[in-house]
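In this text, all values refer to a predicted model and were calculated from it rather than measured experimentally. Computation of the quantities below employed the complete heavy-atom set of this structure, encompassing side-chain atoms and omitting hydrogens, waters and symmetry-equivalent molecules. So that the names make sense, note that chain A is the first sequence line, chain B the second, and so on, each numbered from 1.
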There are 2 protein chains.
Amino acid sequence: MSENISSNSDRLKPNELLMLLLANKGTYLSGEDISKKFGITRSAIWKQINSLRDIGYVIKSSPRLGYCLDESPDLLLPEEIWSKSDLTVLGSKIYYYSITGSTNEDAKKLAREGVPDGTLVIAEKQHKARGRMGRAWNSPDGGLWLSVILRPNFVPMDAPKLTIMTAVAVTEAIIQTTGIHAEIKWPNDILADGKKVCGILTEMSAEMDAINHVIIGVGINVNNNDFPDELKGIGTSLKQIKGENINRLALLSALLKKLEYYYIKAENEGFHEVFEKWRSLCINLGKKINITGKNDVFEGTAIDIDEFGALLVRTENGEVVRVLSGDVSLR
Amino acid sequence: MSENISSNSDRLKPNELLMLLLANKGTYLSGEDISKKFGITRSAIWKQINSLRDIGYVIKSSPRLGYCLDESPDLLLPEEIWSKSDLTVLGSKIYYYSITGSTNEDAKKLAREGVPDGTLVIAEKQHKARGRMGRAWNSPDGGLWLSVILRPNFVPMDAPKLTIMTAVAVTEAIIQTTGIHAEIKWPNDILADGKKVCGILTEMSAEMDAINHVIIGVGINVNNNDFPDELKGIGTSLKQIKGENINRLALLSALLKKLEYYYIKAENEGFHEVFEKWRSLCINLGKKINITGKNDVFEGTAIDIDEFGALLVRTENGEVVRVLSGDVSLR
């Protein structure tokens, strides 16, 4: 147990002391027991306890009783995720940053270096985050900014379905954790109160018949309140809707659990269940929409997604068009 | 005109003196005219002429007549490509190496750094080349090893068609340049005399609805003769078949011209023509084949490719199966 905890480091092995404290939250653990368990001196324990306190952990100590974790800081630390989630694929490795440029860029780099399926990159804050088509993405403290590195066994043609899968997982996690009525706007936005609370940016590196890796970037406006002028009226946060702080860790845990469930299911049985869920959560179906493509805009009624995850749109002359690309606006 | 030519450098602007000599091959150019044209001293010209001679150019010089390019070395230098080809998209930038690890790896790195559509990476030799699925690829001197960076405007789902496009372009370029009866084995091998003369490795970086870049790696066994033991009986070179050295530059020029033609066509009108050509060049159609997938092997008769570039195979019970992935062997 040589690692010191810090709020801005790659931490691929859990800090065992923190894991122990989390597993026994509210209970005193004697310094002697901890010392025996990890084979370290009591002054080494004291040092680690203090470094946990430095990043916001409230840990009571008593010469007689030992240490008792009372409160965790509002940080998405890997140990918090590991201790709360019963995950088998996601989070096998977690790269955690107080601040980074872009979790998707970090993830791409890590993926090229060979990190395993399910590796996560989580940041409290991003200063160069991007949305689709290279658009800037506002990522202050208080949000949930993460990227998931997947190495699915299916063909590249199936990869767009992972965006649909993620949209379903995020929406269900928001509903489950906060009670907020979130909905999906095709292809990759989550709306609540008619405004955007989450964007998903899925990127892929592939050979023609095999995926090297897929990076799913998820940005959820949770407790962040400040939106730049150009997003006012378009973006909102779960806190703004709910009128109170949201437990980010609970939301993240729920999201990871849902994502893992659908991912394992997709690899084994395909995307049938995801598509069914998607149909019930999507705001576009049955509605008139405008599709803005690279070269044109056209109108129609969204009727379904097809087996590839493309949106099927019935145009005014009755033709059904497959839409794989472009922005959709509700009319 | 500050650049010195060398056989192992990124050379993104043409060496103007070499371009001039190539355009006037067999003709004397006076030192005075060259000196005036480029605004450099006659001793600077002399220095550059000697550096060209160092890499194998045969340049006659006469105090009275000036300089005359007699013979080019057997090198795939950018200036040779630019001077022989009438290309508008491909070769806008050419990265040329005497030796590199893998042109596809170089190309991926360059693509991430933002080089334009049509950029080429060419190496005389690769020491860490890869084929599909991470398999090693033998790349000694004498072959044609290049990667093309494309930024097509179509959706990722269309990207596999670029492999088909490249297979058609390579096959036609081989037939046109050498007269050798080359054929395509689905999805990405070119055979001649029943042995492999070319492999294509297409890799893609994409968002779900837009391609960032596609790297098409092409490896053609041209004048290379030595095959490692495991490739004997499987691989061959154009030289082995033809019994004489092949002009690599002529082959490369023909390939680039074909590739560019089909690429521009694909962006404007789609892949119809490529697919038609493919059908006439593919060795698999109408034949019994074995398909080796990730988990199984099955038999059937290849009947066509579908609109996505997937191979359609009729199995013994009459079912038609779409094959997107896997190795195909003729039975």
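With sequence neighbours excluded, the residues satisfying ring pair (Phe, Tyr, Trp, His ring centres under 6.0 Å) with B:F271 are B:F154.
Once rounded to the nearest 0.5 Å, the distance linking OG of A:S205 with CZ of B:R112 reads 8.5 Å. We find the CD-OG1 distance between A:E207 and B:T202 to be 8.5 Å, quoted to the nearest 0.5 Å.
Residues of residues 157-165 of chain A placed with any heavy atom under 4.5 Å of a heavy atom in chain B are listed by number as A:M157, A:A159, A:P160, A:T163.
With a 4.5 Å cut-off on non-hydrogen atoms, B:N212 touches chain A through its side chain but not through its backbone.
Within a 6.0 Å radius of NE2 in A:H127, more than 12 heavy atoms belonging to other residues, nucleotides or ligands are found. No more than 12 heavy atoms of other residues, nucleotides or ligands lie within 6.0 Å of CZ in A:R314, so this atom counts as exposed by the packing criterion.
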